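Quick caveat: nothing in here was measured; it's all calculated off a predicted structure. Excluded from the calculations below are hydrogen atoms, water molecules and symmetry mates; all remaining heavy atoms, backbone and side chain alike, are included. Chain letters run A, B, ... following the sequence lines, proteins first and then strands; every chain starts at 1.
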Amino acid sequence: NAGVTQTPKFQVLKTGQSMTLQCAQDMNHEYMSWYRQDPGMGLRLIHYSVGAGITDQGEVPNGYNVSRSTTEDFPLRLLSAAPSQTSVYFCASKLTGSDTQYFGPGTRLTVL
Amino acid sequence: DAKTTQPTSMDCAEGRAANLPCNHSTISGNEYVYWYRQIHSQGPQYIIHGLKNNETNEMASLIITEDRKSSTLILPHATLRDTAVYYCIVRVVHSGYSTLTFGKGTMLLVSP
């Protein structure tokens, strides 16, 4: 299994641009989530999904959209990037009912 | 949601045991204690979790006090590759599904 994969690894955007961070897992996990990590802030939950077609907001959802059309994929969309969205983004997945989350390698995003 | 308190940083000599403390004095009876770690530039990695009893796996041991207000993660023979930020997390329930709230963690530096 590849586990949780994320693309791209690095991205630079200009303010106002849009982009999609990709996340995929091949472990047939129902639960997937997106976190952002900022210096001195730990990880903060952005959005999560408990299965295909079901998403919900986390702690810091503003400025981000998600969808879950398949079990494997959980993309995170930035519609109009802002400098405040400069961060490292981690995708994670787990089986529903399990509390062991598997994290991807992260995407480092810079918004100028 | 129960909060956790961890030291900001700790040092450990290679080959010695690393004992990482965590206070969670407001933990409720059905909340678990989880430990994750994050090696630099990588996604977080699950280590161990427990409810009341002490737990051990191939990576570490978890000692939870009888009143459950604190716990200690023990890496019995620390190596340089154990240098990482260690997060103590108390499981919360979010909209009926579990999620994890990451704090700032403890930066463990293992030295030769």
For this session: Identify which part of B/Tyr32 has an atom lying under 4.5 Å from any heavy atom of chain A, answering side chain, backbone, both or neither.
Result: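 Contact with chain A involves no heavy atom of B/Tyr32 at all.
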In the single-linkage hydrophobic clustering (I, L, V, M, F, W, Y; side-chain heavy atoms under 4.5 Å), do [X] and [Y] co-cluster?
X	Y	result
A/Ile46	A/Phe103	no
B/Met10	B/Ile47	yes
B/Leu108	B/Leu80	yes
B/Leu20	B/Met59	yes

Exercise. In terms of heavy-atom proximity below 4.5 Å to chain B, should A/Gln37 be classed as side chain, backbone, both, or neither?
Worked result: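 A/Gln37 touches chain B through side-chain heavy atoms alone.
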For this session: Check whether any side-chain heavy atom of B/Gln38 lies under 4.5 Å from a side-chain heavy atom of A/Phe90, and answer yes or no.
Result: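 In short, these two side chains touch, coming nearer than 4.5 Å.
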Exercise. Considering all heavy atoms of both residues, which atom of B/Tyr46 and which atom of A/Thr100 are nearest to each other, and what is their separation?
Worked result: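 Here B/Tyr46 and A/Thr100 meet closest at CG-CG2, 3.4 Å.
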For this session: Give a yes or no on whether A/Arg44 atom CZ has more than 12 heavy-atom contacts from other residues, nucleotides or ligands under 6.0 Å away.
Result: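 Check passes, neighbour count above 12.
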Exercise. Relative to chain A, which of B/Pro44, B/Gly103, B/Gly43 shows the most heavy atom pairs under 4.5 Å?
Worked result: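 Highest number of pairs under 4.5 Å: B/Pro44.
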For this session: Give a yes or no answer on whether the side chain of B/Tyr87 reaches the backbone of A/Leu43 with a donor-acceptor pair at less than 3.5 Å.
Result: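 Side chain of B/Tyr87 to backbone of A/Leu43: no pair is present.
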